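Written out below as structure tokens is the structure these notes cover.
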Amino acid sequence: MSSIRKRAMKITPNDEPLRFDGDNSYPDCTCCGQCCGLNVLAITPEELDAMHECIERKHVRPIDRKGERCPLQSPEGGCMIWEARPQVCRLFNCHVPRIEILKQNPSIVVPEDIPLLDLTEEFVRGRSGYEAIARLMRAAAS
């Protein structure tokens with residue numbers, strides 16, 4: 001096994017159990033913006049509602065990054081809607097693969113049928129995917 005692979009498998013710098021704070025992140029999150037590298041995310045209708053509410057409340061102006069990154073990443077690199085970001089963002093850890101996070105935190109539930117949403121289409125172009133997501137979620141529940 002290469003040294004790169006060994007480093008990737010290391011769970012935390014001190015080999016301590018991974019601690020998810022249960023709300024928005026890991027206690028050691030530095031808000032570096034690596035989790036903002038995606039434009040298409042799995043989001044529930046409730047998460048989408050929370051994101052829209054936060055954008056409105058904070059008067060956030062999404063940035064058109066042509067689908068290359070999240071339009072809700074600030075120019076400084078952090079999340080403009082940190083408190084309302086979806087679970088997929090909250091579960092991101094720069095040093096630990098997501099599968100390891102889920103293994104070490106069995107209380108985290110990840111539904112398998114969450115639809116994908118293009119964040120640029122939703123927040124920059126205003127082509128709401130909410131109706132499509134709600135429809136998919138209803139169909140999956142029945």
Side-chain angles (χ1 to χ4, degrees), residues 1-138 140-141:
M1 186 180 288
S2 73
S3 61
I4 293 171
R5 179 81 174 133
K6 285 180 186 175
R7 279 200 304 267
M9 293 301 290
K10 193 170 186 175
I11 301 305
T12 61
N14 300 323
D15 288 327
E16 296 173 9
L18 192 63
R19 300 169 332 224
F20 182 72
D21 74 10
D23 182 24
N24 248 329
S25 190
Y26 298 89
D28 59 348
C29 180
T30 61
C31 301
C32 68
Q34 284 188 30
C35 57
C36 302
L38 297 174
N39 177 56
V40 176
L41 300 179
I43 296 178
T44 66
E46 295 79 16
E47 289 172 326
L48 185 57
D49 283 344
M51 292 169 76
H52 276 288
E53 289 170 13
C54 186
I55 287 168
E56 190 173 317
R57 184 179 70 253
K58 293 176 72 175
H59 307 287
V60 168
R61 292 185 182 266
I63 300 168
D64 189 354
R65 293 196 168 83
K66 313 294 185 222
E68 301 280 326
R69 300 187 64 75
C70 178
L72 301 172
Q73 180 183 23
S74 75
E76 295 78 30
C79 180
M80 293 190 281
I81 61 160
W82 176 265
E83 64 274 15
R85 62 195 174 128
Q87 177 174 267
V88 68
C89 301
R90 290 181 281 130
L91 289 179
F92 187 91
N93 185 299
C94 300
H95 308 290
V96 183
R98 189 167 183 239
I99 191 70
E100 291 301 321
I101 292 167
L102 296 172
K103 284 179 186 176
Q104 290 192 26
N105 295 272
S107 64
I108 298 172
V109 176
V110 180
E112 295 177 16
D113 57 352
I114 298 176
L116 297 175
L117 179 73
D118 183 309
L119 300 178
T120 297
E121 291 296 314
E122 180 73 21
F123 298 111
V124 175
R125 295 193 177 85
R127 297 183 189 138
S128 180
Y130 177 82
E131 291 83 11
I133 286 178
R135 192 170 46 254
L136 287 170
M137 295 297 282
R138 281 193 300 273

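Quantities reported herein were computed from a predicted structural model and do not represent experimental measurements.
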Are more than 12 heavy atoms from other residues, nucleotides or ligands located less than 6.0 Å from atom CZ of Arg125?
-> yes
Distance-minimising heavy-atom pair for Ala42 and Val88 = O-CG1, 3.9 Å
Considering residues at least two apart in sequence or located in another chain, which fulfil the side-chain contact (heavy atoms from CB on, under 4.5 Å) criterion with Ala50?
-> Ala84
With sequence neighbours left out, what residues match Glu53 under side-chain contact (heavy atoms from CB on, under 4.5 Å)?
-> Asp49
In Å, rounded to the nearest 0.5 Å, how long is the span from CG of Leu116 to CG of Asn39?
-> 11.0 Å
Solution key, residues 65-72 side-chain donor-acceptor pairs under 3.5 Å, sequence neighbours excluded:
from  : atom 1 : to    : atom 2 : distance (Å)
Arg65 : NH1    : Cys70 : O      : 2.9
Arg65 : NH1    : Gln73 : O      : 3.0
Arg65 : NH2    : Gln73 : O      : 2.9
Arg69 : NE     : Gln73 : OE1    : 2.8
Arg69 : NH2    : Gly33 : O      : 2.9

Looking at residues at least two apart in the chain, or sitting in another chain, which of them share a side chain to side chain donor-acceptor pair (under 3.5 Å) with Glu56?
-> none
How would you list, by chain and number, every residue that makes a side-chain contact (heavy atoms from CB on, under 4.5 Å) with Cys79, sequence neighbours excluded?
-> Ile81, Trp82, Arg85
Summary of ring pair (Phe, Tyr, Trp, His ring centres under 6.0 Å) pairs that have at least one residue in residues 56-80, sequence neighbours excluded = none
Nearest heavy-atom neighbours spanning Lys58 and Met80 = NZ-O, 2.9 Å
Answer whether the closest heavy-atom distance between the side chains of Leu41 and Leu117 falls below 4.5 Å.
-> no
Could you please spell out the steps behind the side-chain contact (heavy atoms from CB on, under 4.5 Å) verdict for Asp64 and Thr120?
-> CA-CA 7 Å; Asp64 189 354; Thr120 297; 4.0 Å; yes
What's the shortest heavy-atom distance between Pro86 and Met51, and which atoms?
-> CD-SD, 3.8 Å
